[in-house]
Asker: 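The structure follows.
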Amino acid sequence: MFGRHKPLWGKKTRLKSSYDAVIIGGGLHGLATAYFLARDHDLTNVAVIEKRYIGFGGGGRNTAIVRANQRTSQNVPLYKEALALWPVLTRELDYNLMFFNCGNLNLMHSEAAMNAARMNVATAQFHGVESHLIDAKQCKELIPALNISDDITYPILGAMYHPPGGIVRHDAVVWGLAKGAARHGVHIHQQTAVTGIGVANGQIVSVETDRGKIHTPRVLLAAGGYSAAISYHMLGIKLPISVLTIQAMVTQPLKPILNHVVSSGTYHAYANQTLKGEIATGAHMDPWPNYTTQTTAYYIKHQAEALAEMLPCLRGVKFMRHWAGLADMTPDMAPIMDGNAPLKGYFMNCGWGYFGFKSCAAAGKYMARFMATGNCPDMLKPFTLRRFAQHRLMGETAALMSYSPDN
Amino acid sequence: MALTLTCPICGQRNGYEFRYGGEEKGPRPDEEGLSPEDWCDYVHLNKCVAGIQKEWWFHRDGCGAWFTTQRDTTVNLEVEQPEAQL
Amino acid sequence: MNPEIWRRSPVSFDRRPAQTETRDNWMVVLKYEDESEGPYLIDLSPRTRWDVQDSHLAEIRPGGVPIPDKPGQCTFQKGILVNRMNRTQAAVWHLTGETPEPPAHAAYTDVTESTVFLALVGRRVFAITEKLTSLDFLDPARSAPFLLQGPFSHVPCQVVTLEKSPDRAGILLTCSRGYARDLVAAILDAGEEFGLRPAGQIAFHNWLEELGY
Amino acid sequence: MKRLTHLPTLRIDPSQEIPLKYNRRTYQGVHGDTVATALFANGVRILARSLKYHRPRGLYSLDGECSNTFMQVNAIPNVCTENTLLRRGMTVEAQNVKGTPETDRMGFMDKLDWAMPAGFYYRTLHKPARIWPLALKQVRKAAGLGVIAPDFEMKGKYDEIYPQADVCVIGGGPAGMSAARAAAAQGLRVILLESRPWLGGFFDYRPAEYHDGVPLYRRARELAQRLEETTNVRIFSHTAMVGAYNNNLITAFQQGGPGDHFDERYIEIRAVSVVVATGCIERPLLFENNERPGVMQIGCAHRLARTYGLLPGEQAVFSIGHDLGLEAAIDLFDLGLKVACVADIREDGQDPRLVDELAARKIPFWRGWVATRAHGKKTVTKVSLSTIPGTQQRDFGCDLLVASAGMTPVTGPLTLAQAQLQYDLHTGFFLPAQLPPKVHAAGRLLGLHDALAIEASGHLAGLEAAADCGVSVDADRQRARENLDSRPGPVRGCKLVLAPVKGRKSFICFDEDTTIKNIQQAIAMGFEATELIKRFTTAGTGPGQGGIPGHNLPLFVAQYLGEASVAAQPTVVRAPLVPTFLATYAGSHHDMCKRTPVHDSQKQAGGVMRRIGVWRRARYFSQDFSCREEIVNVRNNVGMLDASTLGKFRIWGPDALQALQRVYVSDMSKVSEGKVKYSAMCNDDGCIIDDGVVVKRGANDYYFTTSTARAGVTGEWFRYHTRYDGWNFSIVNLTDAFGVINLAGPNARQVLEKVADADVSNAAFPYIGYREFTIRDTIPVRAMRLGFVGELSYELHVPSSYMQALWDILAEAGRELNIRNFGVEAQNVLRMEKCHLIIGAESELRTTLHDVGLGFLWDRTKTAAKTVGAVALRQTAEQEGRLKLVGFKMEDPSRTPKDGSLIVDRAIRGYICIARHSFTLEEPVGLALVEAPLNQEGTRLEIFEDECGDRRLYAKVVPTPFYDPEGTRLRI
């Protein structure tokens, strides 16, 4: 039935001295871009350089939630396309990404929040994405474990319900994309660190690694949380990014109890049940920049407090694993996808914060087009780095900004 | 928690008592003649140092002091005593 | 002044007062029924508090009491507790005596109305506080009275340890007035297993006297 | 089953029987039993079925390293019954079985392993695509262990404490106790955490000699007693350490015993220094069916007898790699266990006295032999042993196989504290290459076995920790080091990972049913990093985390890849080290929320309270959420609103004006006494973040208000934006010091003039005036004539203690006019009719002062002030294509669009911030942010509501404000 167990992403290959494109970062976006460069643009002489192992960063640390009910009309089409790509990729990659289309409930705890959510819902519907406002009683029908009484800190008034969303097995996406890219001839070099980026006359010419120098006219920065540091240290280009840790944890496995992704911005908590039965739940970010992926006592306690109110039956369940990843946050909570600026041949795809998983397939597809053609696709134009100097922040979050790590 | 900070007034405390106030970027630039790029550099751009950086903190839940400290962002530890401000 | 117009403390205990007095339009409970023998939670909110801010604090003597040099230090004289908060700021808490007139000096702001003011005194007080805060009121490096500014039951508070000895231990604390009810509820809940009860002013003054203040 | 009732090591009281209900039958345990030992005493051997293959599982260890003994207890899933104390009234049920663990109808799954190689679900179940939804259902059903009911209510009291310590010792065995004692002797505050209900560690149950004829268990009790008598040592027993964070923040949870006021409590300790003395667990031996009930580890077998008085079997075979195995065999033999054979993986290195004792009892002792297979369908009936190379083999009948490859240190606390582990060739342990600052390790986890050496190492660690606290202990430390050096050092560890097995069922991870074969499959597929193998095979991701595979997986991978075992890297260990209830983490969880001084009376008056930021406020005063009566009353009569949550500040000092100039966009030098000035604050993006009024009360002395949301951060905002300037100004937050009543409506003056001790006529106290006076000769008020709701109104700031009194006085004074309360929603509509802004409602992250039409507030000439936001305001003043705030009315006035609806053409061009049917204007009005040039007056707006299908609503951009555009009503 299974035959021989063959290496998924090919045999280990030697680092060539020249590639048509070098991608820094063997994570979701890097691998997706590599895959689409090869699939759509016949650009197969491509190296993905990964310092540790593929999926070490956000790819393996996120809580696997996918959805397309963002706030702005620039974002929704991108995420919509990403959402539609999961079944397509499962087929193309011949790798089961285990899309569990369970739907997402984003809980609201005030009249103002319900009204704000209506804007998201209307935006989704305008773009043909299914999303509805539902009241507390309907929430309870969908999630019987939910506490919709008035005696909690933030009583639930309703939710934004987004049936097309759900969860996707995050590791499978990493491995599947690696498999797909390698099948097209892309070289994936793990345990290889980029040590420098060569520039001549305003044009990218090479990438230095601890295994040797690579000549290339194109480089894509897709190193997730490490992107801003690489950009500054290697090219002196500062980015409007703050790198924060974001934490998540799982409980011991249970038989099905939660059939949807449920989240609450007010409680800073979300929860879903993995296919293994664990309740995966995440929290807000530690509000100081760092590169540690350390967890904190504060957040696991906070998370328990939040879930104990929202889903009180979970008080009888145990946390068993708590981890953290890096989120590269921009001031407007939207990513930076840009290229050929300020250096020719220099492309960046970063600043995804904690949205990098759900978007990776579509972002990779369009970044590949950008890199292959040199023309920025319309889909990516709003995400230019220049928007910050031009006073054109995106409205992905409505909340007001003050000085903070993300400003 | 993964961070403790030494407040110049209150001593070592849990990092969650504080608000982070950004990388040290120096005094506010002059308003007149500031180009959008220079403005953006001061307001939005960061070095995101993986290593020791000088940064601002406010002891929100304590004495209300703003101060700078040197912190190693790769281990989340202070490397020197903070510099007191008001 | 119309004596029929009452001021209200942000704290109201669910206990029957046994003895009360009126003071500056406050109705102050001197004693509650069935106070038992402590530990006690006592509402001091009607007691006058001043904020003093100046770049030259050393030159200011609230009620004739010097302001200590270093943040975290306190002086307690003539019934006035003066807590140094930072380089330019001190808190002045009048624990006994009549209501003082606020000094005319611009450095003073009357903040009596800004905060809730509580005393937590008696046996096992620190067994109660450790359920609510990680602040170290028993820090061997500090001698009482001393000030800590930090979260207590998640709310920023100023807390003065007046006495560390196990039998007569006690702290005074202030935080934003609006939190009074939830803070009191949290303290009483934490203290339930140790027999914590609300008490009136007499218990507070007895305690101060026992400490020799 | 008969108990051994007279052993001095027992931790049970056989005279106190406790009944328990298991799978609907009642059994008897005794006081001190765990649920699993009580069942074992009643002959129950199969306690659970495994996750994937539904294989029978039984007692293997007693410390919760795997899910072998997980059950539902009192409807709580996944309770590890081997270390859960038996209590009265427990109802226990097996989980993840169809039927009972004995007769699980899902048992056939064990034969289907060929269909489930590592990661099989990634490679199957999606072809063809339509089978995936069906497969998904089955996968979900099969996954998970226990069941939690959606309406389950966790009973009990969960508490939390935050104790302080100089030294925190983790582990209450001989090393930990010695460390605690040494540190305490220096006068330090010491906390000792022990996961079992008693101190003693691996001395506790052993009758072997400690020293001078004293048995180990007695020594343990002696140490424990002395420690309990030491006042500066705080002992938390039955307390599992679960987390370690930077600068020695240690978290743990304690289970309550009789007399405790909690069932469990969360403990968070800030310690200066930490000693980790957590000892060892056993490294599982890998062979065919190595998890069959009847196979158990040395400590499990030994402690069953010595701690619980239960012989672990009748006829035993031992396949071990450590002297503890020999010791257990001898002691259990003496207690009545038949021992068929002791096979020791080690060729040499055994304690000769133990070898002699085995011989004295005629117990066959085979060196260099190891178990290769456990036989028996449900429980062990026979064991195959072979030589290490697999050249010879023999079978023994038995019902107990004591199997253990050796020891492995419990390094979880060290790795959480950021210690990097390295493989140590001598002990075969992963040991810290270097310890983090102020963290020390002691005792058996370092490989020590000699009892005195263990204590000496603890003593030394205690002194090291004391030194971290600034105590001078140099001489003591020197002596302690010498003492330790004089004792035997770490013992050589057994390195064998895998017995020479055939078969497919050697389990490296019990919880996930991961076999050696699965690991090999993963490696063949290109997963070479241990961490990736873990993810792909899920080994070590189950309820017991790394408890079973933690040590073996990296060793096996290194050996299989042909790398030197020193290159092996252990998989990452993560908190919590022991699975912990959410209830326990949540603890007492006091919700802290602010209430205004008139909270109770607002509620009594029918106020529907809502949490707004840190406050509770009355949003409505009837169940008519359109607030018609409240609104009409303010427009035509007079109403009162509790606005106490407004931010209020005093700022003064020589540089106060400069500070105001820095954060406010207007020229604040124009603030004059007796008048309020309205202005706004922006952030550096020029986006409006706050608005409010400022009054001058004296020379360099100002009083100002902020929005409710900004009250908590305004002080730091001023300081932040002036932090380089060294200005001399002071600021005090008076938000809670004043209650605020907004007395509003055309009849407001009629009410106020009845009670105020001042002339409040329009001439004496005009619009935007500021006055201070008393009410009824008693209550001092600061009064502002503002018009947020668009009517004559007085904002009365009153000392909080007088707030209720003033409220009552005004209510009484207004009674004949039928004065009534209005709430936040009524205010919201009233001010919207007047087009007064609420920041956050009509603005968002990217909305500048210009965008909301307040650009006129900005004084562009005061560049020297370096006003926050001024640069961005300058650069965006004429920018095109921005979202601008507009007022609109509907083409069809019978229909009010919902808040949040979109403004569209072929694309989205903006959205409605707020729209209400105006009872005053008798038609719907609203405010929207729309892309220029749609903001031009008269523009037709196409409105897209949620769920609107093809229907659209249409509106027209109109001039603002909608109500009283001349502002005459404010000035009456």
Side-chain angles (χ1 to χ4, degrees), chain A residues 51 223 225-234 236-245 247 284-302 322 324 326 328-332 336 342 350-351 385-393 401-407, chain B residues 1-7 13-29 31 33-61 66-79 82 85:
Chain A
K51 186 172 176 180
Y226 307 94
S227 299
I230 290 174
S231 170
Y232 179 66
H233 288 290
M234 296 185 188
I237 299 170
K238 287 201 267 179
L239 296 177
I241 279 178
S242 293
V243 181
L244 311 182
T245 41
Q247 304 178 31
H284 213 54
M285 285 165 295
D286 273 321
W288 49 78
N290 74 93
Y291 292 93
T292 65
T293 70
Q294 289 170 352
T295 60
T296 68
Y298 178 92
Y299 268 122
I300 192 166
K301 184 166 198 319
H302 162 87
H322 181 196
L326 299 182
D328 49 340
M329 304 300 297
T330 62
D332 58 3
I336 301 164
C350 55
L385 174 62
R386 288 179 294 269
R387 71 182 186 271
F388 299 96
Q390 290 168 344
H391 304 282
R392 292 200 187 272
L393 298 184
M401 250 196 318
S402 56
Y403 61 89
S404 71
D406 32 15
N407 182 10
Chain B
M1 64 283 329
L3 179 63
T4 57
L5 287 167
T6 307
C7 167
R13 292 287 183 85
N14 180 341
Y16 291 103
E17 290 183 23
F18 300 81
R19 178 197 290 279
Y20 176 69
E23 296 176 4
E24 160 67 0
K25 294 178 180 177
R28 296 180 73 73
E31 188 175 319
L34 197 67
S35 70
E37 289 70 30
D38 290 343
W39 167 85
C40 183
D41 185 75
Y42 185 73
V43 173
H44 286 305
L45 300 188
N46 288 319
K47 293 179 179 170
C48 296
V49 170
I52 295 164
Q53 73 172 20
K54 187 173 178 183
E55 58 190 23
W56 284 89
W57 289 92
F58 175 69
H59 196 186
R60 184 188 55 211
D61 289 356
W66 274 106
F67 58 93
T68 56
T69 197
Q70 306 265 354
R71 183 176 58 103
D72 185 341
T73 60
T74 62
V75 289
N76 244 339
L77 292 171
E78 294 167 295
V79 292
Q85 302 284 323

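Numbered from 1 within each chain, the chains take letters A, B, ... in sequence-line order.
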Asker: With rounding to the nearest 0.5 angstrom, report the CG to NE2 distance, A:Leu385 to B:His44.
Answerer: 11.5 Å
Asker: Is it the case that atom NZ in A:Lys301 sees more than 12 heavy atoms from other parts of the structure closer than 6.0 Å?
Answerer: yes
Asker: What's the separation between atom CZ in A:Arg387 and atom SG in B:Cys40, rounded to the nearest 0.5 Å?
Answerer: 10.5 Å
Asker: Verify ring-ring contact (aromatic ring centres under 6.0 Å, His included) between A:Phe388 and B:Trp39, making sure each step is shown before the conclusion.
Answerer: CA-CA 10 Å; A:Phe388 299 96; B:Trp39 167 85; 9.6 Å; no
Asker: Nearest 0.5 angstrom please: B:Asn76 CG to A:Thr293 OG1, how far?
Answerer: 10.0 Å
Asker: Using 0.5 Å steps for rounding, measure from the CH2 atom of A:Trp288 to the OG1 atom of B:Thr73.
Answerer: 13.5 Å
Asker: For B:Cys48, is there any backbone N or O sitting under 3.5 Å from a side-chain donor or acceptor partner on A:Tyr291?
Answerer: yes
Asker: Kindly give the heavy-atom pair with the smallest separation between A:Gln294 and B:Val75, and that separation in Å.
Answerer: NE2-O, 3.5 Å
Asker: Against chain A, work out which of B:Glu37, B:Lys47, B:Glu23 has the most heavy-atom pairs shorter than 4.5 Å and name it.
Answerer: B:Lys47
Asker: Quick one: closest heavy-atom pair of B:Tyr16 and A:Pro287, and the distance?
Answerer: CE2-CD, 4.4 Å
Asker: Among A:Val243, A:Ile300, A:Thr245, A:Leu239, single out the residue with the greatest number of heavy-atom pairs under 4.5 Å to chain B.
Answerer: A:Leu239
Asker: Please check this pair: side chain of B:Arg71 against backbone of A:Asn290, looking for a donor-acceptor N/O pair closer than 3.5 Å.
Answerer: no
Asker: Nearest heavy-atom pair of B:Val49 and A:His233: which atoms, and what distance?
Answerer: CA-NE2, 4.1 Å
